[in-house]
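Here's the structure we're looking at; comments come further down.
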Amino acid sequence: MKNWIKDKKRKLIQLLCAILYNCNISGFAKGNIYKGEIKSVCVPGLNCYSCPGAIASCPIGSLQTALVSARYKFPYYIIGLMLLFGILLGRVICGFLCPFGLIQELLYKIPSKKIKKGNWSKKLSSIKYIVLIVFVILIPIFMAAPGFCKYICPAGTAEAGIILVSKNDSLKALIGFLFNWKIVLMMSILVSSVFIFRIFCRFICPLGAFYALFNRISVFGFEIDSKKCNGCNACTITCKLDVKNVGDMECIQCGDCMKKCSQNAIQFKRKK
């Protein structure tokens, strides 16, 4: 019962974040993008700038935009803010503060035969780092285009693309191969999420890849009390992700491993 309550609390935090990120309700009805002063601020999780409900910016989208114009002005603000998020929270953001992560987890709850982790998933986990380097950094710098948002981001397609196109006749006339490609990609990810736990977060998400770089050194996060741990590895064996240790780069800091630890050796606390 205690573990069930903890899981529901995490889901509630995820839901509240999704609502706070997208509380411009009138935007959904009118199909307009909110452009108030707060839009210059970034939320920590992946949430499309162009979503009609979004009241702030996505860190990945902002980073790409900044890198496109980096030849004129170095993006101190966005890089500094992402470093701050990473150093404070690491992938706690993935586990608690990302709306698209919540969508995937809810889809995974649909009854079906699940595809478990293995050597195949460990190898695919490195793709997100390639996406970060190529689509978020190199393409914006050398091709002056927001590579990830333009060619991949399923969150942007779901939260912004479909809604804006359905509400604006002028945008409907511009639909072409790229929009259709992103619809197919988004649907593939959403359907796959029913069978594979958080497939986008594990294999594709560049924001998760960035925060993973700070997971071991972040101020907040889950860690093991070595004095209590008996080395049974129940935490990593039962984890749906490809973690080798609690709190490593692939850990999304969801805390599900706490339920499997018979020694109560896993705690969420401020790291010394």
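- Asp248 places a side-chain N or O within donor-acceptor distance of the main-chain N or O of Cys251, the cut-off being under 3.5 Å.
- Ser62 has its side chain within reach of Cys42: a pair of non-hydrogen atoms, C-beta onward, lies under 4.5 Å apart.
- Of the listed residues (Lys122, Arg216, Lys128), just one forms a salt bridge (charged side-chain N to carboxylate O under 4.0 Å, His left out) with Glu250, and that residue is Lys128.
- Although no hydrogens or angles enter the test, the distance criterion places no donor-acceptor pair under 3.5 Å between the side chain of Tyr34 and the main chain of Ser50.
- Here the SG-CG distance, from Cys51 to Leu164, works out to 8.0 Å after rounding to the nearest 0.5 Å.
- Under the 4.5 Å side-chain criterion, counting only non-hydrogen atoms from C-beta, Ile162 is in contact with Ile183.
- The two atoms that bring Cys23 and Ile55 nearest to each other are SG-CD1, 3.5 Å, heavy atoms only.
- The minimum heavy-atom distance linking Ile93 with Pro44 is given by the pair CG2-O, 3.5 Å.
- In this structure, Arg10 contributes its side chain and Phe96 its backbone to no donor-acceptor pair below 3.5 Å.
- Asn168 places no side-chain N or O within 3.5 Å of a backbone atom of Val165 that could act as its donor or acceptor partner.
- Here the closest heavy-atom approach between residue Gln253 and residue Asn215 is recorded as NE2-OD1, 3.3 Å.
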CA sep, side-chain torsions, deciding dist, call: Ile266, Glu223, side chain to side chain contact (heavy atoms under 4.5 Å, CB included): CA-CA 6 Å; Ile266 302 172; Glu223 60 184 7; over 6 Å; no
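- Within 6.0 Å of NZ in Lys30 there are 12 or fewer heavy atoms belonging to other residues, nucleotides or ligands.
- Cation-pi geometry between Lys113 and Phe195 is not satisfied (NZ or CZ under 6.0 Å from the ring centre, within 45° of the ring normal).
- Between the side chain of Glu159 and the backbone N or O of Cys48, at least one donor-acceptor pair lies under 3.5 Å.
- For the atom pair CD1 of Ile139 and CD1 of Ile141, the computed distance is 11.0 Å after rounding to the nearest 0.5 Å.
- Counting only heavy atoms from C-beta outward, the side chains of Leu89 and Val219 never approach each other to under 4.5 Å.
- The side-chain heavy atoms of Phe214 and Leu88, taken from C-beta on, include no pair separated by under 4.5 Å.
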From CA spacing to verdict: side chain to side chain contact (heavy atoms under 4.5 Å, CB included), Val43, Cys58: CA-CA 6 Å; Val43 296; Cys58 171; 5.7 Å; no
Cys149 vs Gln64, side chain to side chain contact (heavy atoms under 4.5 Å, CB included): CA-CA, chis, key distance, verdict: CA-CA 8 Å; Cys149 293; Gln64 292 172 96; 2.9 Å; yes
Verdict with reasoning, Phe200 to Leu46, per side chain to side chain contact (heavy atoms under 4.5 Å, CB included): CA-CA 11 Å; Phe200 175 75; Leu46 192 73; 3.5 Å; yes
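- Rounding to the nearest 0.5 Å gives a distance of 4.5 Å between CE of Met82 and CZ of Phe210.
- The cluster map of Ile, Leu, Val, Met, Phe, Trp and Tyr, joined by side-chain heavy atoms under 4.5 Å apart, puts Val68 and Leu138 in different clusters.
- In summary, the side chains of Asn22 and Asn47 do present a donor paired with an acceptor at a separation below 3.5 Å, with no hydrogens or angles considered.
- Residues Ile217 and Ile79 are members of one and the same hydrophobic cluster, defined by side-chain heavy-atom contacts under 4.5 angstrom among Ile, Leu, Val, Met, Phe, Trp and Tyr.
- The distance from the CG atom of Leu124 to the CG atom of Asn119 is 11.0 Å, given to the nearest 0.5 Å.
- Rounding to the nearest 0.5 Å gives a distance of 7.0 Å between NZ of Lys240 and SG of Cys254.
- There is no path of hydrophobic side-chain contacts, each under 4.5 Å, that joins Ile19 to Ile25.
- No hydrogens or angles considered: nothing links the side chains of Asp225 and Gln267 as a donor-acceptor pair under 3.5 Å.
- Looking at Lys114 and Ser112, their side chains do bring a donor and an acceptor atom within 3.5 Å of each other.
- Formation of a donor-acceptor pair under 3.5 Å by the Lys182 side chain with backbone atoms of Ile152 is not found in this model.
- Lys117 has its side chain within reach of Cys239: a pair of non-hydrogen atoms, C-beta onward, lies under 4.5 Å apart.
- Taking the charged nitrogens against the carboxylate oxygens, Glu105 and Arg198 do have a contact shorter than 4.0 Å, which makes a salt bridge.
- When side chains are defined from C-beta on, Pro206 does not count as touching Phe135, because their heavy atoms never get closer than 4.5 Å.
- Annotation: Tyr108, atom OH; neighbour count of heavy atoms from other residues, nucleotides and ligands within 6.0 Å is above 12.
- The shortest heavy-atom contact between Ile237 and Cys232 is CD1-O, 4.2 Å.
- Checked by atom type and distance alone, the side chain of Tyr21 never pairs as donor or acceptor with a backbone atom of Ser57 at under 3.5 Å.
- Taking each heavy atom of Arg202 and Ser121 in turn, the nearest pair found is NH2-CB, 3.6 Å.
- One distance of note links CG of Leu132 with CG of Leu213; it measures 7.0 Å at 0.5 Å rounding.
- Residues Pro140 and Pro146 share a closest heavy-atom pair of CG-CA, 4.5 Å.
- Connection of Ile115 to Ile189 is established within a shared hydrophobic cluster, with ILVMFWY side chains joined at heavy-atom distances below 4.5 Å, either directly or through further cluster members.
- In this structure, the side chains of Val92 and Ile252 stay at 4.5 Å or more apart for every pair of heavy atoms.
- Note on Leu102 and Phe197: separate hydrophobic clusters, where clusters join Ile, Leu, Val, Met, Phe, Trp and Tyr whose side-chain heavy atoms are under 4.5 Å apart, directly or indirectly.
- With a 6.0 Å radius and a threshold of 12 heavy atoms from other residues, nucleotides or ligands, Lys150 has its NZ atom at or below the threshold.
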